[in-house]
Amino acid sequence: MRRYRLPKCKILRTKKDIQQLFREGRYVPGRYFDLVVRTDVVDSKVLFTVSKKIRKKVFRNRIKRRLREVYRLNQYEISMPLHIAMIGKPGALTADFQQLQAEFKQILSKIMDS
RNA sequence: AGAGCAGACCGGACGGCCGCCUCUUCCGGGCUGUGGCCCGUGAAGGGGAGGAAAGUCCGAACUCCACAGGGCAGGACGGUCGCUAACAGCGACUCCGCGCGAGCGGAGGAAAGUGCCACAGAAAACAGACGGCCCGGGCAUGCCCGGGUCACGGUGAAAAGGUGGGGUAAGAGCCCACCGCCCCGGUGGUGACACUCGGGGGCACGGUAAACCCCGUCCGGAGCAAGACCAAGUAAGUUCCGUUGGGAACGCAUCGGGCGUUCCCGGAGGGUGGCCCGCCCAACCCCGGUUUCGGGGACGGAACGGGUAGGUCGCUUGAACCGUGAGGCAACUCACGGUCCAGAUAAAUGGCCGUCGUCCCGGUCUCCCCGGGAUACAGAAUUCGGCUUAUAGGUCUGCUCUGGAU
RNA sequence: GGGGCCGUGGUGUAGUCCGGUUAACACGCCGGCCUGUCAAGCCGGAGAUCGCGGGUUCAAGUCCCGUCGGCCCCG
C-alpha cells in the first residue's frame with residue numbers, strides 16, 4: 001500500500017533551487033492558489049508560500065498547512081519529476097478542502113498535458 | 001434582586017483515519033585509528049505553542065569589542081519605606097484630587113537662577129489706577145488739575161486670603177473674632193508625614209519644570225543576523241598613513257663618524273564606539289647615497305572593492321516548575337522533597353471527519369426535541385523578569401451602593 | 001530575529017528643535033481674462049479632525065505616553 005508521506009527532504013529549501021524555480025518556472029494562476037512549475041528536473045520537490053498581504057501569521061501558516069495536505073494526499077497524481085511552488089491566496093483559508101483538491105488535480109492535469 | 005469596584009483563573013472536551021518536527025533505545029547498512037561516527041519511506045516509546053508566543057517599551061543573563069581611572073556632555077528614573085539579580089516592576093504606607101461608596105488617578109524643587117504667560121483687560125509678576133467712590137484746589141456746579149483707594153464694575157486660565165463686625169472723607173488686616181496661611185519649637189512615626197499640642201507673624205510666597213534648569217540615584221558600546229568553527233570559493237586586489245626625532249648618564253670603540261643599555265622630553269597613527277584629561281598599543285630589514293633623503297620588501301592600521309548565503313556549535317537545566325513547611329500585613333524570602341517540560345531554520349507542533357459542551361436565532365413556546373449559526377485574540381525563533389496592547393465566552397473570591405424580606 | 005527612520009490639502013515638501021490663535025510654498029484642481037482654438041501667461045477661488053487615542057498646559061501640528069500604517073539597514 002502506498003503511504004502518503006511528505007518528509008523534509010521532499011521540500012525545496014536551498015536558495016539556489018528556489019531562485020531558479022521562480023526565474024525559469026512556468027506560472028499557472030488558480031482560484032485558491034497559484035503554481036510555479038519547473039519540468040527540467042530529476043526529482044519531485046515542492047514548497048509552500050503565502051503573500052504577506054495576508055497580514056496575520058496564523059492565517060498564512062494555516063493556508064500553508066492546508067496546501068501541504070493537498071500536495072501530500074495527491075502527490076501520486078504526478079507522473080513526472082517536477083519542482084512546484086504553491087502560492088496560497090486568501091480563498092484557500094476558508095474554502096472547502098474538497099475544492100482545493102479538485103483544483104490541484106485540474107491544474108496538474110493541464111500541466112502534464114502540455 | 002439590581003447596579004458596581006478590585007483581584008485571581010480557564011480560555012473548548014473525547015474519539016477515529018492520514019501526516020510533520022525532535023529526543024532515547026533497538027534494527028539494518030556503511031566507515032573505522034575499536035573510543036565511536038554517518039546514513040535510513042525502518043521499528044517501539046517520550047515530548048511538541050501562548051496568556052498574551054505580540055508590540056519591542058523597560059530591566060537583566062549571555063557573547064563580542066574595549067578595559068588603571070577621572071571629568072564633561074548625554075540619557076533614564078523621581079512621595080516614603082521595603083521587595084528584587086535588576087527594572088520605568090511589585091507590596092505596604094503618606095499627602096492631594098475625583099467618586100455617596102467599594103475604589104481610582106497624581107506625586108522632588110517655582111522664597112538658586114533664566115525664559116514664557118497669546119487674546120481680552122486699566123493692570124499679567126518685586127505690577128498698575130480705566131470707569132466708579134472720596135478729599136482738596138480752580139472755572140459758577142455736568143469740566144479740569146492734584147491726591148487717596150481696591151471695598152465694586154467689566155476682562156481673563158490666572159488679578160494682594162474668606163466671612164462678620166469695628167473703623168474711615170471713602171476705603172483697606174487699618175483693628176478685632178472665627179476659619180485659612182506661613183515660620184519656629186514639641187510630641188509620635190525608620191520615613192513620607194501627622195497632631196483637640198505650644199509659641200510667633202497681619203499675611204510676605206500667581207502659574208508653567210511631559211520649558212531650560214537645580215537636587216538625588218543609576219547608566220561603557222553593540223547585539224544570538226551577538227559570536228566560534230568547518231567546508232566551498234574569489235582578486236594573499238587597489239589607494240592612503242605609520243614603523244621616528246631630540247636630550248642626559250654610563251659602558252664599548254675612537255682620528256672622526258659611531259654602537260649598546262637605562263632614563264627624560266617631544267612628534268605621527270590607532271584604541272578607549274560623543275568629547276577632554278589621562279592611560280594603553282604594535283611593528284625593521286635590504287640597496288643606492290651616507291647630513292637631510294630616494295627606492296624595494298615585510299609588518300601594523302584605515303578606507304574602498306571581490307567571494308560565500310551551505311553545515312556544525314551557540315540551543316535550551318533555568319534568578320525553572322510543582323508540592324509541603326517556616327518567616328513577613330504584603331511584595332517576597334528560606335528550608336526540604338520531587339520533575340525534566342518545543343528547539344524549528346523557505347521555518348515542525350497539522351489536515352479531514354464524528355460525538356458532546358457553551359452561547360445566539362427560529363419552530364415548539366413548562367429549556368424536552370428539531371433546524372441553522374457562532375465558538376475570540378492570536379503561532380515559539382538565545383533565554384529569563386516586568387510593562388503595554390488585543391481578546392468570543394465563562395468560573396471563583398473579597399468588597400460597595402440601592403431596593404425588598406426577616 | 002534585531003536595529004533605525006517617517007506619517008501635514010489630490011501629489012511633493014516646510015513649519016515640530018525652542019508651544020501662541022487666518023498651518024506656508026510649488027505642482028495639480030475650479031472659475032474668469034487673453035486667443036479663431038489649445039497651450040503658456042495673468043487674475044481670483046476652493047481644498048487640512050496635521051495617521052489615530054489619551055495626557056501635560058490657559059493653549060498642542062509642535063511636549064509626554066500608547067497605538068496603527070509605511071520605508072530602510074544588519075548574516
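Letters go in sequence order (proteins before strands), and every chain restarts at 1. Note that the structure is a prediction, hence the values are computed from the model and not measured.
Running 5' to 3' along RNA chain C, contacts with non-hydrogen atoms of chain A at under 4.0 Å begin and end at C:G69 to C:G70.
Look at the C1' atom in both B:C203 and B:A172: the space between them is 14 Å, to the nearest Å.
If you check residues 41-61 of chain A against RNA chain B, the residues with a heavy atom closer than 4.0 Å are A:Lys56, A:Lys57, A:Val58, A:Asn61, listed by number.
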Please list, pair by pair, any protein nitrogen or oxygen found under 3.5 Å from a nitrogen or oxygen in nucleotides 350-355 of chain B.
{"from": "B:C352", "atom 1": "OP1", "to": "A:Arg66", "atom 2": "NE", "distance (Å)": "3.2"}
{"from": "B:C352", "atom 1": "OP1", "to": "A:Arg66", "atom 2": "NH2", "distance (Å)": "2.7"}

For nucleotides 308-311 of chain B, give me every protein contact, N/O to N/O, under 3.5 Å, one pair per line with atom names.
{"from": "B:A309", "atom 1": "O2'", "to": "A:Lys15", "atom 2": "NZ", "distance (Å)": "3.3"}
{"from": "B:G310", "atom 1": "OP1", "to": "A:Lys15", "atom 2": "N", "distance (Å)": "3.3"}

Could you tabulate the donor-acceptor pairs under 3.5 Å formed by side-chain atoms of residues 80-104 of chain A, not counting sequence neighbours?
{"from": "A:Lys89", "atom 1": "NZ", "to": "A:Gly30", "atom 2": "O", "distance (Å)": "2.9"}
{"from": "A:Lys89", "atom 1": "NZ", "to": "A:Asp34", "atom 2": "OD1", "distance (Å)": "3.0"}
{"from": "A:Asp96", "atom 1": "OD2", "to": "A:Gln98", "atom 2": "N", "distance (Å)": "2.9"}
{"from": "A:Gln99", "atom 1": "OE1", "to": "A:Asp96", "atom 2": "N", "distance (Å)": "3.4"}
{"from": "A:Gln99", "atom 1": "NE2", "to": "A:Tyr32", "atom 2": "OH", "distance (Å)": "3.3"}
{"from": "A:Gln101", "atom 1": "OE1", "to": "A:Asn74", "atom 2": "ND2", "distance (Å)": "3.3"}
{"from": "A:Glu103", "atom 1": "OE1", "to": "A:Tyr32", "atom 2": "N", "distance (Å)": "3.0"}
{"from": "A:Glu103", "atom 1": "OE2", "to": "A:Arg31", "atom 2": "N", "distance (Å)": "2.7"}

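Within 4.0 Å (heavy atoms only), A:Ile18 reaches at least one base atom of the nucleic acid.
Between A:Tyr4 and A:Tyr76, a ring centre-to-centre spacing shorter than 6.0 Å is recorded.
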Given the rule that a pair is Watson-Crick or G-U wobble with both distances under 3.5 Å, how would you write RNA chain C in dot-bracket, using | for pairs to a different strand?
((((((((.[[[[.)....(...]]]].(((((.......))))).....[[[[[..)....]]]]]))))))).
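The shortest distance between the side-chain N/O atoms of A:Lys8 and the OP1/OP2 oxygens of B:A346 is not below 4.0 Å.
Salt bridge present: A:Arg72 and A:Glu69 bring a charged side-chain N and a carboxylate O closer than 4.0 Å. Under a 4.0 Å N-O distance rule, the pair A:Glu24/A:Arg38 qualifies as a salt bridge.
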